[in-house]
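What follows is a short report on a single structure.
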Amino acid sequence: MRLTPKADRDAIGGIIAGDGGHMLKVRARAAPEDGKANDALLRLLAEALALPRRCFDLAQGASSRRKLIDITGDPPAILSALEHLKEPRS
């Protein structure tokens with residue numbers, strides 16, 4: 001993931017090319033202080049994938065724009081939901 005904090009709105013903006021691969025672009029209104037932007041990211045993903053927040057864990061990148069997220073649950077259902085996030089949304 002590539003998180004942009006302090007954005008004008010919460011949004012998942014599709015897939016972008018990054019260092020060594022592709023990343024899901026996410027914008028959050030929350031400021032990057034005291035983990036607020038990271039929490040906003042996980043809540044936004046939970047809502048977009050229709051999964052409980054407890055299924056998401058920040059594995060890497062607590063203080064970086066680049067994040068690695070662990071998602072627990074049914075792998076085929078998660079992959080299907082992620083496929084829908086490829087296209088930019090408002």
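All of these numbers come straight from a predicted model, not from anything done at the bench.
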Keeping R53 on the side-chain end and F56 on the backbone end, is there a donor-acceptor pair under 3.5 Å?
yes
To the nearest 0.5 Å, how far apart are CZ in R29 and CZ in R9?
10.0 Å
Straight-line distance of C55 SG to I69 CD1, nearest 0.5 Å
13.0 Å
How long is the straight-line distance from CG of L58 back to NZ of K67, given to the nearest 0.5 Å?
6.0 Å
Exactly one of L44, L24, N38 clears side chain to side chain contact (heavy atoms under 4.5 Å, CB included) with L3, and that residue is N38
Report whether M23 and V26 are members of the same hydrophobic cluster (ILVMFWY, side-chain heavy atoms less than 4.5 Å apart, transitive linking).
no
Taking every heavy atom of A28 against every heavy atom of A40, the minimum-distance pair comes out as CB-CB, 4.0 Å
Return the minimal non-hydrogen interatomic distance between P5 and A30, and the atom names on each side.
CB-O, 3.5 Å
What's the spacing between D74 CG and L51 CG if we round to 0.5 Å?
9.5 Å
Compare all side-chain heavy atoms of I71 with those of L49 and state whether any distance is below 4.5 angstrom.
yes
If I take atom NE2 from residue H22 and atom CD1 from residue I16, how far apart are they, to the nearest 0.5 angstrom?
9.5 Å
Nearest 0.5 Å please: distance from the CG atom of L41 over to the CE atom of M1.
6.5 Å
State, with a plain yes or no, whether a side-chain heavy atom of D57 is found less than 4.5 Å away from one of T72.
no
